[in-house]
Amino acid sequence: MAEKWDALRRGLIGAAEAGTVADLGSALSAQLGRVVPHQGYILTGVDPASGTACFHTREYGYGAAAARRLIDGGQVEPDPFSSGQPLKGPDRVAVLSAEDPRYRHSFWAHEVMAYEGVGSELRIALADGRSVWGQLWLLRGLDSRPFSPAEAGHARRLADALATATRRYVTGRPLRIHGLDRTPGVLVVDAGGRITSSTPSVGQWRDQFTGAPRSSCEGEFESLIWSITQTAALQPGGAALARVPTLQGWATLTSQPLQGTGPGAAAVTIRPASGLELLPAVTAWHGLTFREGTVVEHALEGLSAKQIARRLSLSPHTVNDHFKAIYRKIGVHGRDELIARLAH
């Protein structure tokens, strides 16, 4: 029996070698489906520095329309299943079913889920002691039995491997900034999360974010845009940032309130990331310490090791030790390569 679970963990972690976000979701679903059968899934990665969604894929899952239905219903649910938020706390797995009396007053369970044909959800927070890396929702239809406590237990046994796979999917490829030849894209989003207008370049960015042709990822890009605008709406000043790992390198999504177009409207900008902008997420994804992140920041400013040592009141030897740890964690061979990968 132990060999079975070890094989499942290896299979899940091996899914990190997937080429696209869609491939990652499909591979994780296939492995997990061996012990927790399901009809659909939603996989969302989270920028660990900002808590904002940074990638998204699904199969028979909720699209942006479901999220808008929650908003249009005027519902904000103060429970672990509030839309768009990963589970928090020591138990990273929970089940939601409309049949469960605990959720007899849940707008999400009785309106949104039913409207989308979903009868039961099993949600897994992709987290460890360091950070939340994302979330995975498994779905069953209205005509299927709810997820059982035993199946929730199976998911708990594999939660660490799922979190590891998600993190390795991001850190397992060479670190690089998205190419500067890509024209920034701008979208206008209304208070309900609907994209009302956009620049022509948005279409090029769209396929970069999903990692697949538009026809096979209907609604996924819109869901990512909805997520950042809703995150921004809850922040002081109404702005939010997500650093997005695409196949061509790191990009950023930013959302800011838009004036003169009605309450709740936002402008979302898509563009290549800068090194300093990316650094907080790189520090988290690659497991750099606070001091190591500070050393990289000063290196990006052009300071030598001796200058960094003076700035941080450290010995040059200690700074060089930090650099060695940074190179190992990020997967580069020296300072020149590190700067080249993070330089804008």
Side-chain angles (χ1 to χ4, degrees), residues 16 45-55 86 88 126-134 163-164 166-180 228 231-232 234-237 239-246 248-256 269-344:
V46 172
D47 178 336
S50 67
T52 307
C54 65
F55 60 78
K88 297 180 180 179
L126 308 178
D128 54 26
R130 187 184 302 272
S131 188
V132 175
W133 311 109
T164 298
T166 303
R167 189 176 173 200
R168 288 190 182 180
Y169 173 76
V170 174
T171 61
R173 61 193 68 212
L175 172 65
R176 59 180 174 176
I177 301 294
H178 200 289
L180 298 178
I228 192 168
T231 300
L234 299 175
Q235 303 299 318
L241 166 70
R243 304 152 187 91
V244 181
T246 77
Q248 300 300 318
W250 285 89
T252 61
L253 272 177
T254 56
S255 177
Q256 301 178 71
T269 304
I270 313 169
R271 56 179 173 75
S274 70
L276 289 176
E277 191 174 52
L278 180 57
L279 184 56
V282 169
T283 297
W285 281 111
H286 289 269
L288 304 186
T289 65
F290 174 79
R291 180 67 78 189
E292 289 165 355
T294 302
V295 168
V296 176
E297 181 179 355
H298 291 321
L300 288 173
E301 294 174 0
L303 299 184
S304 67
K306 290 183 178 180
Q307 290 172 322
I308 295 172
R310 286 196 294 270
R311 179 77 63 86
L312 300 179
S313 299
L314 300 173
S315 71
H317 177 75
T318 299
V319 171
N320 285 327
D321 283 344
H322 284 317
F323 271 120
K324 291 176 184 178
I326 292 163
Y327 303 154
R328 173 177 51 81
K329 292 177 180 180
I330 292 182
V332 296
H333 296 95
R335 180 187 174 113
D336 289 345
E337 184 179 357
L338 173 68
I339 300 302
R341 292 191 179 279
L342 286 172
H344 202 293

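Since the structure is predicted, the reported quantities are computational estimates derived from the model, not experimental observations.
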Undergrad: Check the pair V295 / L288 against side chain to side chain contact (heavy atoms under 4.5 Å, CB included), numbers first and verdict last.
TA: CA-CA 10 Å; V295 168; L288 304 186; over 6 Å; no
Undergrad: Is the closest basic N to carboxylate O distance between E297 and R311 below 4.0 Å?
TA: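 No, this pair does not count.
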Undergrad: What are the two closest non-hydrogen atoms of A273 and L278, and how far apart are they?
TA: CB-CB, 4.4 Å
Undergrad: State, yes or no, whether a side-chain contact exists between S50 and R243 at a heavy-atom distance under 4.5 Å.
TA: yes
Undergrad: Could you walk me through whether F55 and T166 pass the side chain to side chain contact (heavy atoms under 4.5 Å, CB included) check?
TA: CA-CA 11 Å; F55 60 78; T166 303; 3.9 Å; yes
Undergrad: Can you give me the closest heavy-atom contact between P316 and A309, atom names plus distance?
TA: N-CB, 3.8 Å
Undergrad: Find out whether W250 and L342 are in side-chain contact, i.e. whether some heavy atom of one side chain is under 4.5 Å from a heavy atom of the other.
TA: no
Undergrad: Are the side chains of V332 and L175 in touch, meaning some heavy atoms are under 4.5 Å apart?
TA: no
Undergrad: Would you name the heavy atoms of T252 and P272 that are closest together and state the gap between them?
TA: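 Result for this residue pair: OG1-O, 4.2 Å.
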Undergrad: Quick check: do D321 and K324 have side-chain heavy atoms less than 4.5 Å from each other?
TA: yes
Undergrad: Within this structure, what is the CZ-OG1 distance for the pair R271 and T254, rounded to the nearest 0.5 Å?
TA: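 With rounding to 0.5 Å, CZ (R271) is 5.5 Å from OG1 (T254).
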Undergrad: Is the closest side-chain heavy-atom distance between L126 and V46 below 4.5 Å?
TA: no
Undergrad: Can you check whether W133 reaches T164 side chain to side chain, under 4.5 Å on heavy atoms?
TA: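 They are not in side-chain contact.
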Undergrad: Does any N or O in the side chain of E337 come within less than 3.5 Å of the main-chain N or O of H333, such that one atom is a donor and the other an acceptor?
TA: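 Yes, because the side chain of E337 sits within donor-acceptor range (under 3.5 Å) of the backbone of H333.
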Undergrad: Hey, does R291 have a side-chain heavy atom less than 4.5 Å from the side chain of L314?
TA: yes
Undergrad: I need the T289 OG1 to I326 CD1 distance, nearest 0.5 Å.
TA: 7.5 Å
Undergrad: Which pairs pass ring pair (Phe, Tyr, Trp, His ring centres under 6.0 Å) with one or both residues in residues 298-326, sequence neighbours excluded?
TA: F323-Y327
Undergrad: Taking all heavy atoms of P48 and all of A281, pick out the closest pair and write down the distance.
TA: CG-O, 4.4 Å
Undergrad: Is it the case that atom CZ in R168 sees more than 12 heavy atoms from other parts of the structure closer than 6.0 Å?
TA: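 Open: at most 12 neighbouring heavy atoms sit under 6.0 Å from CZ of R168.
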Undergrad: Under a 3.5 Å distance rule, please check whether K329 uses its side chain to pair with a backbone N or O of G287 as donor and acceptor.
TA: yes
Undergrad: Side chains of Q307 and E301: does their closest heavy-atom pair fall under 4.5 Å?
TA: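 Not touching, per the 4.5 Å side-chain cut-off.
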Undergrad: I'd like to know whether I339 forms a side chain to side chain contact (heavy atoms under 4.5 Å, CB included) with L300, so could you lay out the CA-CA distance, the side-chain angles of the two residues, the decisive distance to 0.1 Å, and finally the verdict.
TA: CA-CA 6 Å; I339 300 302; L300 288 173; 3.9 Å; yes
Undergrad: Write down the atom of D47, the atom of C54, and the distance for their closest heavy-atom approach.
TA: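 Closest approach of D47 to C54: N-SG, 3.6 Å.
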Undergrad: Quick one: do I330 and R341 satisfy side chain to side chain contact (heavy atoms under 4.5 Å, CB included)? Show the steps, please.
TA: CA-CA 10 Å; I330 292 182; R341 292 191 179 279; 5.5 Å; no
Undergrad: I need the T318 OG1 to I308 CD1 distance, nearest 0.5 Å.
TA: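 Going from OG1 on T318 over to CD1 on I308, the span is 12.5 Å.
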